[in-house]
Amino acid sequence: MTKTLIVGCDHGGLALKNALKPFLEEQGLTVSDLGTHSTESCDYPNIAKAVCRAVLEEGEALGLLICGTGLGMSMTANRFEGIRAAVCTNEYMARMARAHNNANVLCLGERTTGPGLAQSVVQAFLQAEFEGGRHLRRINLMDQ
Ligand code: RB5
């Protein structure tokens, strides 16, 4: 399981991020929170870019991006080569995002996923491992 989780949210994801942080730390993760830290309206692409740059720099880290739906965060994140961001609304999607797609950024929506389910989704994402093999061939094809 990864040790460092780089997290970010906009105003639409702040409450869920704050609800998840103690749970993430209880899992033994080092949580690096790149904001936002207030309810003031802000622009999700700026946060997504900061988190993706940090994930790519750190190498082994995973990212967690939260906005109202997870969609804007994922669209921004997937513009970065080397980032595979997945919006997941259930545990199965989260497990498959890691096992088959080697996703390195999980995107959640505060307005679509309650805090209890979000905990289970994050846990499934963190515990799953990339299976490699044919799945590695397929993710390599994404950039060709
Ligand atoms: C903000 O209102 C909302 O648009 C944002 O959080 C996100 O859902 C965008 O995809």
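As the structure lists them, so they are numbered: ligands from 1, and atoms in each ligand from 1. Note that this is a predicted model, so its numbers are computed, not measured. Throughout, numbering of the chain's residues begins at 1 and tracks the sequence. Side chains included, hydrogens not; waters and symmetry mates left out as well; all remaining heavy atoms used.
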Gap between atom OG1 of Thr36 and atom NE2 of His11 - 0.5 Å precision: 9.0 Å
Atom indices of ligand 1, in the order listed, that fall short of 4.0 Å to a heavy atom of Gly68: 5 (C), 6 (O), 7 (C), 8 (O)
Closest protein heavy atom to atom 9 (C) of ligand 1, given as residue, atom name and distance to 0.1 Å: Tyr44 CE2, 3.5 Å
Closest protein heavy atom (residue, atom, distance) for atom 10 (O) of ligand 1: Gly72 N, 2.9 Å
Atom of Val105, atom of Phe125 and distance for their closest heavy-atom approach: C-CZ, 3.9 Å
Polar side-chain atom of Asp10 near backbone of Asp43 as donor-acceptor pair, under 3.5 Å: no
Worked check of side-chain contact (heavy atoms from CB on, under 4.5 Å) between His135 and Asn102: CA-CA 8 Å; His135 303 297; Asn102 202 17; over 6 Å; no
Met73 touching ligand 1 at heavy-atom level, < 4.0 angstrom: no
Nearest neighbour in protein (non-hydrogen) for atom 7 (C) of ligand 1: Cys67 SG, 3.4 Å
Numbering as shown, the atoms of ligand 1 that approach His11 to under 4.0 Å (heavy-atom distance): 1 (C), 2 (O)
For atom 3 (C) of ligand 1, closest protein heavy-atom neighbour: Arg111 NH1, 3.8 Å
Shortest non-hydrogen contact between Val7 and Lys17, atoms and distance: CG2-CD, 4.1 Å
Distance from atom 5 (C) of ligand 1 to nearest protein heavy atom, with residue and atom: Asp10 OD2, 3.2 Å
Residue part near ligand 1, for Thr69, under 4.0 Å between non-hydrogen atoms: both
Leu64: which of Leu16, Asp33, Leu5 passes side chain to side chain contact (heavy atoms under 4.5 Å, CB included): Leu5
Distance, nearest 0.5 Å, that separates CD of Glu131 from CE of Met96: 6.0 Å
